[in-house]
Amino acid sequence: MMLFMINCYINMIYAFVYLGQLFMTLTPPHWCAAPNELFDSDLNLTLEQIKELTVPKDETTGKFAKCKMYQVNFTQRAEYVVGGNLSGPDPTWPTTTCINGWTYDFSLYYPTITSQLNWVCEEDWKPSLSQSLFFVGAFMASPVLGWASDRWGRLPIIVATNVMGGAAGVASAFTNSFVAFTSFRFLVGMTFDTHYTVVYILLLEYVSSEYRTIMANVPIMIFLTAGLCAMPWLALYLHDWSTFAIVIHALQFISVSFPWVVPESARWLLSKSRTKETVDIITRAAHMNKKSLTPEVIRELEEFGNKQKNAKNTQASALDLLKTPVLRFRFLVLCVMWLLMILAYDGHVRYSEHIGSNVFVSFTLAGIVELPADFLTMVLVEKVGRRHTTSITLVLSGVACLVIVAIPETYTTSIMVLAVTGRFLITMSINVGQQYPVEVLPTVARGSGAGLIHTLGNLTGFISPYVVYLSKIGHYLPYTILGLVSILGGSICVLLPETLNQILPDTLEDGETFFTGQGYCYNPCAGSRNEDGDREMEQYTYSNSTFQDLNSDAENTGRIPQEDEVRERVA
């Protein structure tokens with residue numbers, strides 16, 4: 001139970017660390033600051049009059065320009081305004097850049113590092129680059145830290161990544177330059193993916209198969225969603241980007257208490273032949289459940305530990321997945337599918353800043369849809385299957401994006417509804433996408449293969465901020481890219497096998513031959529009960545040697561073996 005609670009906690013922290021930087025680098029409404037002489041008390045001009053006088057408006061939208069101002073004698077023009085001789089600025093006046101800096105509107109927003117360091121107009125590329133380098137850190141470090149968790153254990157890496165990420169995140173709150181801020185966020189990015197995935201692995205290594213779906217998905221469904229929804233309001237309540245950074249990253253230091261309340265993975269300890277520690281952990285767990293370990297169980301644990309130690313050299317790597325044609329094809333399809341999914345999902349999440357008139361409400365509404373999306377995914381993958389659920393939701397998400405492209409930007413409500421719909425569908429897709437590699441790849445290379453696929457997804461994390469950045473050209477451009485990417489991903493998913501009600505492969509040979517014979521339209525739910533029973537009976541494949549042994553026994557005893565005896569012998 002304690003491990004489950006910590007997994008819930010880590011899911012919430014993951015939401016803060018993954019998207020917290022978005023609320024540190026928000027761009028408040030801004031416009032060119034007026035010359036100081038216009039604030040002379042003798043002119044008696046209001047802030048709105050100064051803005052009307054100095055800032056031109058866009059001819060299409062009627063909104064004030066963010067990066068231009070009129071280049072005229074403002075003192076003389078202000079006198080006209082006060083005297084009532086001029087109703088407003090002349091659109092034919094010459095313009096210039098914001099030579100006096102910028103004025104920011106904090107009525108709805110709060111001071112961010114973007115407003116503090118003026119990362120706007122000619123420097124509006126800096127928030128996107130900073131976020132992209134965050135994912136570069138994850139791409140570089142995740143494989144190494146994943147290997148370290150196999151080498152030195154789950155708990156040390158969980159604690160180390162949280163402490164390192166927390167320290168770098170808190171330090172970033174005290175920076176006052178682009179280089180310093182980006183460097184610390186790069187360090188945070190190196191740790192954010194690992195501190196989440198290793199806890200996820202640790203939980204699954206303790207949970208039995210009958211509870212694995214619930215224990216693995218409920219923390220994501222509830223606590224990750226809660227983190228996404230609470231984050232914008234926490235930032236708004238604290239009303240300062242640096243305070244927000246300190247709070248969300250200080251929470252990571254709680255991880256130093258994990259070794260005292262959470263056991264190391266018993267499976268990992270057995271794989272290292274550390275049987276005594278394994279027995280101690282399981283004994284404590286058995287005591288809590290009012291049970292005890294028999295000498296036979298302890299002996300079996302020791303034998304299993306020795307077997308795992310001897311089996312190290314038989315384990316395959318991700319490179320072995322590329323040696324045979326079927327596995328190579330499926331592995332590459334999984335890689336492309338995950339890259340496109342991450343690009344679409346991350347783009348949807350980040351574009352929430354540009355939907356509607358209130359970024360905090362828009363982000364929360366988009367986050368809330370993840371709860372029913374997660375629940376519906378858990379239902380559909382068992383009823384419709386993995387392949388159809390993934391493909392259909394991806395394509396429909398892409399269609400929703402392309403419909404947005406055809407809608408004028410002024411139709412904010414319609415755009416928000418369609419954007420939330422697309423986010424709902426892409427959330428369902430990515431939930432199945434996380435499960436697909438585990439079921440398609442064989443056991444001997446499942447961890448390394450799935451880890452490599454997950455690491456490659458960080459490449460698109462580098463691209464997605466720039467997709468959102470294209471919104472400065474037009475709202476249609478990011479949604480065009482997200483729509484086409486989603487539809488392409490949905491089309492590629494059809495090439496994957498359906499794994500519902502199928503035996504999962506264990507060896508590389510199994511991975512090469514399992515799931516064969518399926519058509520692209522194969523639906524596991526369309527078969528009859530007899531067909532399902534036939535698939536189940538296919539688990540018992542009788543070899544020629546087994547038949548010979550059974551026939552020999554029948555001749556010697558004069559008795560035909562029963563079906564359960566046959567199955568036991570084959571097993």
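Judged by distance alone, the side chains of Thr393 and Ser429 do bring a donor and an acceptor atom under 3.5 Å apart. With 3.5 Å as the limit, one finds a donor-acceptor pair spanning the side chains of Tyr104 and Asn118. Under the 3.5 Å distance criterion, with hydrogens and angles disregarded, a donor-acceptor pair is assigned to the side chains of Ser130 and Gln21.
In this structure, His348 and Thr427 have side chains that are not in contact, with every pair of non-hydrogen atoms separated by 4.5 Å or more. Inter-residue side-chain proximity for Val199 and Arg154 is flagged as unmet; no heavy-atom pair is nearer than 4.5 Å. Taking 4.5 Å as the limit, some side-chain heavy atom of Val17 sits within range of a side-chain heavy atom of Val188. Two residues are said to be in side-chain contact when any heavy atoms from C-beta on lie closer than 4.5 Å; Tyr9 and Phe258 meet this criterion. Met341 has its side chain within reach of Thr390: a pair of non-hydrogen atoms, C-beta onward, lies under 4.5 Å apart. Inter-residue side-chain proximity for Leu224 and Met12 is flagged as unmet; no heavy-atom pair is nearer than 4.5 Å. Between Lys68 and Trp31, the closest side-chain pair of non-hydrogen atoms is not below 4.5 Å. With contacts defined as side-chain heavy-atom distances shorter than 4.5 Å, the pair Tyr110/Phe244 does not qualify.
Under the 3.5 Å distance criterion, the side-chain polar atoms of Ser257 are matched with a main-chain donor or acceptor of Ile254. Here the side chain of Thr161 pairs no donor or acceptor atom with the backbone of Thr191 at under 3.5 angstrom. Side chain of His195 to main chain of Phe192: a donor-acceptor pair is present (N/O by atom type, distance under 3.5 Å, no hydrogens or angles). Between the side chain of Thr182 and the main chain of Val179, no donor-acceptor pair closer than 3.5 Å is present. Without hydrogens or angle criteria, Ser471 side chain to Val468 main chain gives a donor-acceptor distance under 3.5 Å. A side-chain donor-acceptor contact under 3.5 Å links Asn162 to the backbone of Ile158. Proximity of a side-chain donor or acceptor of Ser255 to a complementary backbone N or O of Gln252 within less than 3.5 Å is detected. Between the side chain of Ser397 and the backbone N or O of Gly422, at least one donor-acceptor pair lies under 3.5 Å.
Remark: SG of Cys121 is found under 2.5 Å from SG of Cys67.
Atoms OG and CZ, from Ser172 and Phe134 in turn, are 10.0 Å apart once rounded to the nearest 0.5 Å. Note that the CG atom of Leu380 and the CE atom of Met428 stand 4.5 Å from one another [nearest 0.5 Å]. In this structure, OG1 on Thr112 lies 11.0 Å from NE2 on His239, to the nearest 0.5 angstrom. Rounded to the nearest 0.5 Å, atoms NZ (Lys126) and OG1 (Thr114) are 10.5 Å apart. Atom CG of Leu19 sits about 10.0 Å away from atom CD1 of Ile248, to the nearest 0.5 Å. Summarising the geometry, atom CD1 belonging to Ile342 is positioned 12.0 Å from atom CD1 belonging to Ile463; distances are rounded to the nearest 0.5 Å.
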Working for side-chain contact (heavy atoms from CB on, under 4.5 Å), residues His249 and Phe184: CA-CA 12 Å; His249 287 291; Phe184 282 120; over 6 Å; no
Ring pair (Phe, Tyr, Trp, His ring centres under 6.0 Å) between Trp241 and Phe181, intermediate numbers included: CA-CA 12 Å; Trp241 77 270; Phe181 178 80; 5.8 Å; yes
Steps toward side-chain hydrogen bond (donor to acceptor under 3.5 Å, both in side chains) verdict (Tyr351, Asp346): CA-CA 8 Å; Tyr351 202 75; Asp346 201 62; over 6 Å; no
Full working for side-chain contact (heavy atoms from CB on, under 4.5 Å) between Leu234 and Leu238: CA-CA 6 Å; Leu234 176 63; Leu238 296 174; 3.9 Å; yes
side-chain contact (heavy atoms from CB on, under 4.5 Å) assessment of Ser464 paired with Arg350: CA-CA 8 Å; Ser464 61; Arg350 298 189 184 284; 3.9 Å; yes
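Relative ring orientation between Tyr469 and Tyr466 is described as perpendicular, the plane-to-plane angle rising above 60° on a 0-90° scale split at 30° and 60°.
Salt bridge Glu48/Lys51: absent, no basic N to carboxylate O contact under 4.0 Å.
Sorted by first then second residue, the side chain to side chain donor-acceptor pair (under 3.5 Å) pairs that include residues 228-238, not counting sequence neighbours, are Trp233-Thr364. The stretch residues 413-425 participates, sequence neighbours left out, in these side chain to side chain donor-acceptor pair (under 3.5 Å) pairs: Glu370-Arg423.
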